[in-house]
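Chain letters run A, B, ... following the sequence lines, proteins first, then strands; residues in each count from 1.
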Amino acid sequence: MTNPIQAVRGMNDILPSETRLWQHVENMLQEVLHSYGYDEIRLPIVEKTELFKRTIGEATDIVEKEMYTFADRNDENLTLRPEGTAGCVRAGIEHGLLYNQVQRLWYHGSYFRYERPQKGRYRQFHQCGAEVFGVATPDADAELILLSARIFAKLGLGPYVTLQVNSLGSVEARSDYRKHLVDYLTTHQTQLDTDSQRRLTTNPLRILDSKNPAMQELIANAPKLTDHLDTESKEHFATLQHFLKNANIDFIVNPCLVRGLDYYTKTVFEWVTNELGAQGTVCAGGRYDGLVAQLGGKPTPALGFAIGMERLILMLQQVHKAPTRAHAHIYLMTDSDATFQKGLEIANALRDEFPRLCILQHTGGGNLKNQFKKADKSGARFAIIIGEQELANQTAAIKFLRETTPQQTVSWLEVPAFLSRHLEKHLVE
RNA sequence: GUGGAUGUAACUCAGUUGGUAGAGUCCCGGAUUGUGAUUCCGGUUGUCGCGGGUUCGAGCCCCGUCAUUCACCCCA
């Protein structure tokens, strides 16, 4: 045997034992988003590199060292998308979706970042994102957060997540604050750890987010972003909190919450959990009022969030013990070419009659004992046996695999009626 | 990019100071030539991640490498 080729590091196969759960989560997300009036948009996986450099920020880790970037055959510089907002805004501008209108969009797909894989963090990962364009007022922020809260509630994850919110203020207020913070930190430079020394020039706001216990006192005494907010942002943030309280959404204001991407303004929020080890953020988002104009569109306020699908799935697997296997409902067995042929006919007739049923017809030969073993494993409630005897009599033997009711023999024509009598209603409607 | 842990059967894992590769589950056959999940009997699991080195001899010791995993960094 030659050496088997393995998957690329950090890029995972989602196996049949997991896809049920993925489908369940995806269906639920789609349902909730639709119920809030969001429309799906499907976007390319590859964009021009320039798009991400201009939106995410040239000095961020994502752009500096985590992008899968390559030149195509025409020497165009392209990148596998590391996040969704940039492409969504690009498409919105390109197709005139953002001009003088309110637009609610959602999307779902694969993203790529070249990082060391870890629990809840992979090189190819999946996000489900939602974006709202054209609303400047904090009611949109509130609605978006409520939508995310509904998703966690519907998945039964409410008790395991907490909502953190903060406001970064306007672009001007933020850069003003940044100056104050850098001044403060520079005077205490000797107390900074090596990571923070580096961040002092690249991304000083992130120092507030440091996990190093030795840094906490220094951070606690640092100038507060809240004290440097512009009046409009303050009011915006206050109104948002008011809406959230009245909607009975629990949240905590975390003044140290700083998102990693450059384009955020005013509201930022994260849903975090303790169930995932170091990767606690399962959903994150915020407002980015400047981005549309920055990419050449008419100035348009906007906001959105993204959910990390792998993290959501990991949480569900950890918190509930979700059944993940598909169950057959009926296992159909035969014992010769002629009976197999008849079995195909009967199975297809049943599929016409009951589209929801999963009918597994045995293939691969073997005696009946063997076939019954497989039938048992399939999870089916009924085994339908078409042997030579049944073929001659135009009947089917139907055995109850999960209860002690004795096996019955019914004519071919009566099989559908038998099943509608005995199977759960939702399967045979 | 940095640090720790782990790679033995399809799966979960043993493997003694270095001396012929093990168990359970699964799978297959039989007890029951047309009836499963229980029971009993029998059987197949293998480049011990890969490549070097030390040794009479390496799953075990040494070096390298790849992968997985956890954490840092960063982020969903």
Side-chain angles (χ1 to χ4, degrees), chain A residues 1-12 17 56 59-66 81-85 108-129 148 193-196 198-199 202-203 206-207 209-212 258-261 269-273 276-286 304-315 331 333-336 339 362 366-391 397-404 406-407 409:
Chain A
M1 203 163 61
T2 52
N3 289 343
I5 295 174
Q6 293 179 301
V8 175
R9 175 168 214 197
M11 306 206 178
N12 298 316
S17 57
I56 297 170
T60 58
D61 274 20
I62 293 180
V63 169
E64 273 185 353
K65 48 186 201 194
E66 294 178 359
R81 61 185 185 189
E83 61 102 42
T85 301
H108 170 254
S110 295
Y111 298 87
F112 303 84
R113 289 182 203 171
Y114 189 90
E115 305 175 273
R116 279 284 276 271
Q118 191 176 325
K119 183 175 189 178
R121 192 182 71 187
Y122 310 101
R123 288 186 174 178
Q124 176 175 357
F125 59 103
H126 297 81
Q127 288 188 343
C128 177
S148 62
D193 59 21
T194 45
D195 278 330
S196 299
R198 179 177 49 78
R199 282 184 285 205
T202 56
N203 196 348
R206 271 227 84 93
I207 296 175
D209 225 358
S210 172
K211 289 176 191 165
N212 188 344
V258 180
R259 313 280 4 284
L261 285 59
F269 66 94
E270 281 189 11
W271 288 91
V272 297
T273 178
L276 295 180
Q279 258 57 49
T281 303
V282 67
C283 169
F305 68 73
I307 293 173
M309 293 295 288
E310 279 81 1
R311 292 181 187 181
L312 198 61
I313 300 278
L314 278 169
M315 270 188 86
Y331 199 91
M333 51 186 73
T334 58
D335 62 357
S336 68
T339 53
H362 181 87
N367 55 27
L368 276 194
K369 175 196 173 79
N370 183 316
Q371 296 193 36
F372 268 103
K373 276 191 179 178
K374 300 253 164 69
D376 185 51
K377 285 214 164 63
S378 76
R381 192 160 155 223
F382 293 102
I384 298 183
I385 306 108
I386 313 286
E388 292 300 336
Q389 220 178 86
E390 286 79 11
L391 186 65
I398 303 181
K399 176 160 179 171
F400 293 77
L401 294 172
R402 309 290 156 204
E403 47 228 279
T404 50
Q407 179 172 317
T409 300

Looking at A:S110 and A:R81, what are the two nearest heavy atoms and their distance? O-NE, 2.8 Å
Gap in Å between the two P atoms, one belonging to B:G4 and one to B:U16, rounded: 25 Å
Partner set under salt bridge (Lys or Arg N to Asp or Glu O under 4.0 Å) for A:D61, not counting sequence neighbours: A:K65
Who passes side-chain hydrogen bond (donor to acceptor under 3.5 Å, both in side chains) against A:Q6, sequence neighbours left out? none
I'd like the P distance from B:A71 over to B:U25, given in whole Å. 34 Å
What residues form a side-chain hydrogen bond (donor to acceptor under 3.5 Å, both in side chains) with A:D376, not counting sequence neighbours? A:R402
Spacing of the C1' atoms in B:U47 and B:G7 (rounded, Å): 15 Å
With A:K399 via side-chain hydrogen bond (donor to acceptor under 3.5 Å, both in side chains) - residues at least two apart: none
In whole Å, what separates the C1' atom of B:U6 from that of B:C60? 15 Å
Test ring pair (Phe, Tyr, Trp, His ring centres under 6.0 Å) applied to A:F372 - qualifying residues, sequence neighbours left out: none
Between A:K119 and A:L276, the two heavy atoms sitting closest are CD-O, 4.1 Å
Base, sugar-phosphate alone, or nothing: which one does A:G10 contact when heavy atoms must sit under 4.0 Å apart? sugar-phosphate
Qualifying residues under salt bridge (Lys or Arg N to Asp or Glu O under 4.0 Å), relative to A:E390, sequence neighbours excluded: none
Take atom P in B:G49 and the same atom in B:A10, then report the distance between them in whole Å. 13 Å
Could you list the residues that satisfy side-chain hydrogen bond (donor to acceptor under 3.5 Å, both in side chains) with A:T281, not counting sequence neighbours? A:E270
Output one letter per nucleotide in nucleotides 70-76 of chain B: B when a protein non-hydrogen atom lies under 4.0 Å from the base, S when only the sugar-phosphate is that close, - when neither is. SBBBBBB
Using the C1' atom as the point on both nucleotides, what is the distance between B:A67 and B:C50, in whole Å? 10 Å
Atom CD of A:Q371 and atom P of B:C28: how far apart are they, to the nearest Å? 12 Å
Whole-Å P distance, B:G46 and B:G22: 14 Å
Using atom C1' of each nucleotide, how far apart are B:G15 and B:A23 to the nearest Å? 10 Å
When Watson-Crick pairs (N1 to N3 and N6-O4 or O6-N4) and G-U wobble pairs (N1-O2 and O6-N3) count only below 3.5 Å on both distances, what is the dot-bracket string of RNA chain B, with | for other-strand pairs? (((((((..((((.....[..)))).(((((.......))))).....(((((..]....))))))))))))....
Identify, with sequence neighbours excluded, every residue that meets salt bridge (Lys or Arg N to Asp or Glu O under 4.0 Å) alongside A:R116. none
By ring pair (Phe, Tyr, Trp, His ring centres under 6.0 Å) - contacts of A:H108 (at least two apart): none
Under 4.0 Å protein heavy-atom contact, by nucleotide of nucleotides 31-36 of chain B - B base, S sugar-phosphate only: ---BBB
